[in-house]
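Hydrogens, waters and symmetry mates play no part in the numbers below; they use all other heavy atoms, side chains included.
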Amino acid sequence: MKVKILGCYGGNIPGHGMTSLLVNDTVALDAGWVSSALSLKQQVKVKDILISHSHLDHTCTLPFLIDNNFSSPGFSLRIYAIPEVVASMRNHLFNNLTWPDFTSLPNDMTPVLKLIEITPEKPFTINGLTFRAVHVSHIVPTTGFIVEDKKAAVGFSSDTGPTQRFWDLVNATNNLKAVITETSFPNEMQELANVSGHLTPAALEHELKKLKKDVPVYLYGFKPKHLKRIRRQVRELGRKKLHLLIQGKTYKF
Ligand SMILES: [Zn+2]
C-alpha cells in the first residue's frame, strides 16, 4: 500500500498544506490539500474521497477539485462519510450558497458528485482497498479510518483528543503496519487541546500506551505556528518508532 502525504498540517502557511493522504494514487483520506498538491492529470484519477469530519482543514479543497474537473469527460467524485458529516457538507458546503450543489449538476441523473453515507465499523471496498470508519473524540462528529489491502493495514485516527475505540480496533487488526494520529498543540496549550478535541505530545504519550502493537506511529496536524516546539516535545518522548509525517513523501506499507 502506497500512502502519499499531500498535506499534514492543522493550518496553512506557504509550503504547509492541510490534512490529506492519497492511497495508491486514487483514494484520498480527507481533502485539506488535494487540488493544491496534485496536477490536473493526477487529480482526475482521484475519484473516491473519505472525509473524516466537516472541519475546513479536512474538506476545503473539495469544491476546487470538483470545479477543476467538472468538464472532464466521465468525471465524477464519490465522497464517503458518516451521515452527520454528509449532512454538514450538504447543508454548509454544497448548498448553492457557499458552492454549487454538485450532487444535482449537471443534472440529477448523472451528477458529478455523489455523497455516500457509510456506517461506522462496517467494512467497504474501493479499488481493492478495504476501509472501516471508527468514531474518535473530536468536537464535531468524526471518524478515523482503517485501510487494508491483502498485505498491510494502516490506522488513521484523524483529529481526536483522548479516545479508546480507535485503539481497540487497530489492536485487533491483522497486518497492522502503521498508525497515523495527530498532535496539534504543544504541551503548554493542553487546555486548548482539551476543549478543541486535539492532542499534545504529553496527551499523545498516554494514547500510545493504548497501542498494543509494535508498529511505527506517524503524526500530523501540527499548528504551523507551534511546529518547532511540537517537534522538540515529540522528540523528548524518546520513542524510536514515533515520527512526524513529511509532506510530499510517499510511504510504503
Ligand atoms: Zn477538526
Qualifying ring pair (Phe, Tyr, Trp, His ring centres under 6.0 Å) pairs with a residue from residues 170-196, counting only residues at least two apart or across chains: Phe185-His198

Residues which pass salt bridge (charged side-chain N to carboxylate O under 4.0 Å, His left out) with Lys41, listed by chain and number, not counting sequence neighbours: none

Heavy-atom side-chain contact between Leu22 and Val3 under 4.5 Å: no

Check: Pro63 and Leu93 side chains under 4.5 Å, non-hydrogen atoms: yes

Shortest non-hydrogen contact between Ser54 and Thr59, atoms and distance: O-OG1, 3.6 Å

Under 3.5 Å side-chain donor-acceptor pair for Asp30 and Ser52: yes

Side chain Lys213, main chain Ala178, donor-acceptor under 3.5 Å: no

Test item: Ile116 and Ile79 side chains (from C-beta on) under 4.5 Å apart, heavy atoms: no

Cluster overlap Phe124 with Leu29, hydrophobic side-chain contacts below 4.5 Å: yes

Residue Lys114 excluded, over 12 heavy atoms near NZ under 6.0 Å: no

Any donor-acceptor pair under 3.5 Å from Asn96 side chain to Asp101 backbone: yes

Residues Leu219, Thr181; criterion side-chain contact (heavy atoms from CB on, under 4.5 Å); working and verdict: CA-CA 5 Å; Leu219 303 176; Thr181 189; 3.7 Å; yes

side-chain contact (heavy atoms from CB on, under 4.5 Å) between Met18 and His58, worked out: CA-CA 7 Å; Met18 295 174 287; His58 294 249; over 6 Å; no

Shortest non-hydrogen contact from Ile246 toward Tyr251: N-OH, 3.0 Å

Where at least one partner belongs to residues 16-41, residue pairs that pass ring pair (Phe, Tyr, Trp, His ring centres under 6.0 Å), sequence neighbours excluded: Tyr9-His16

Qualifying residues under side-chain hydrogen bond (donor to acceptor under 3.5 Å, both in side chains), relative to Ser35, sequence neighbours excluded: none

Pairwise distance CD1(Ile49) to OG(Ser20) - rounded to 0.5 angstrom: 7.0 Å

Which pairs would a plain distance check flag for residues 134-148, meaning a side-chain donor or acceptor within less than 3.5 Å of a matching protein atom at least two apart in sequence or in another chain?
| from | atom 1 | to | atom 2 | distance (Å) |
| --- | --- | --- | --- | --- |
| Ser137 | OG | Pro162 | O | 3.3 |
| Ser137 | OG | Thr163 | OG1 | 3.0 |
| His138 | ND1 | Ser196 | O | 3.3 |
| His138 | ND1 | Gly197 | O | 2.8 |
| His138 | NE2 | His53 | NE2 | 3.4 |
| His138 | NE2 | His55 | ND1 | 3.2 |
| His138 | NE2 | Asp159 | OD2 | 3.4 |
| Thr142 | OG1 | Val140 | O | 2.7 |
| Glu148 | OE2 | Arg132 | NH2 | 2.9 |

Glu117: salt bridge (charged side-chain N to carboxylate O under 4.0 Å, His left out) partners, not counting sequence neighbours: none

Pairs touching residues 119-128 that satisfy side-chain hydrogen bond (donor to acceptor under 3.5 Å, both in side chains), sequence neighbours left out: Thr26-Asn127, Glu121-Arg165

Inter-residue atom distance Arg90.CZ - His92.NE2, 0.5 Å rounding: 12.5 Å

Separation of Asp57 CG from Asn12 CG (nearest 0.5 Å): 10.0 Å

Set of side-chain hydrogen bond (donor to acceptor under 3.5 Å, both in side chains) partners for Lys210, sequence neighbours left out: Glu207

Minimum heavy-atom distance between Ser104 and Pro111, given as atom pair plus value: N-CB, 4.2 Å

Side-chain touch His226/Met189, heavy atoms, less than 4.5 angstrom: yes

Side-chain touch Lys177/Val215, heavy atoms, less than 4.5 angstrom: no

Those residues that, when tested against Lys249, pass salt bridge (charged side-chain N to carboxylate O under 4.0 Å, His left out) (two or more places apart): none

Side-chain (Asn95) to main-chain (Thr98) donor-acceptor, under 3.5 angstrom: yes

Main-chain N/O of Leu199 paired with Glu182 side-chain donor or acceptor, under 3.5 Å: yes

Rounded distance (nearest 0.5 Å) linking atom CZ of Arg239 with atom CD of Glu205: 4.0 Å

Shortest non-hydrogen contact from Ala133 toward Ile118: CB-CD1, 3.8 Å

Among Val34, Ile5, Leu6, side-chain contact (heavy atoms from CB on, under 4.5 Å) partner for Leu21: Ile5

Shortest non-hydrogen separation from Val86 to Ala81 and the atoms involved: CG2-O, 3.6 Å

Inter-residue atom distance Asp149.CG - Asn175.CG, 0.5 Å rounding: 8.5 Å

Side-chain touch Met89/Leu62, heavy atoms, less than 4.5 angstrom: yes

Pairs involving residues 156-179, ordered by first then second residue, that meet ring pair (Phe, Tyr, Trp, His ring centres under 6.0 Å) (sequence neighbours left out): Phe156-Tyr220

Rounded distance (nearest 0.5 Å) linking atom OG1 of Thr183 with atom CZ of Phe222: 6.5 Å

Same apolar cluster: Val217 and Leu227, side chain cutoff 4.5 Å: yes

Side chain to side chain contact (heavy atoms under 4.5 Å, CB included) involving Asn187 - partner list, sequence neighbours excluded: Thr200, Pro201, Ala202, Gln233

Hydrophobic cluster membership, Ile51 vs Leu129, 4.5 Å side-chain cutoff: yes

Cluster link Val23 to Ile126, ILVMFWY, side chain under 4.5 Å: yes

Minimum heavy-atom distance Phe70-Phe75, with the two atoms named: N-CD2, 4.4 Å

Step-by-step side-chain contact (heavy atoms from CB on, under 4.5 Å) determination, Ser88 to Val85: CA-CA 5 Å; Ser88 175; Val85 177; 5.5 Å; no

Sidechain-backbone polar pair: Ser184 side chain, Lys223 backbone, donor-acceptor under 3.5 Å: no

Within one Ile-Leu-Val-Met-Phe-Trp-Tyr cluster: Leu244 and Val154, side-chain cutoff 4.5 Å: no

Heavy-atom side-chain contact between Leu40 and Asn68 under 4.5 Å: yes

Heavy-atom side-chain proximity of Leu211 to Asn171 below 4.5 angstrom: yes

Gln247 side chain to Gly17 backbone, donor-acceptor under 3.5 Å: yes

Salt bridge (charged side-chain N to carboxylate O under 4.0 Å, His left out) partners of Lys2, counting only residues at least two apart: Asp25

Tyr80-Phe131 aromatic ring centre distance below 6.0 Å: no

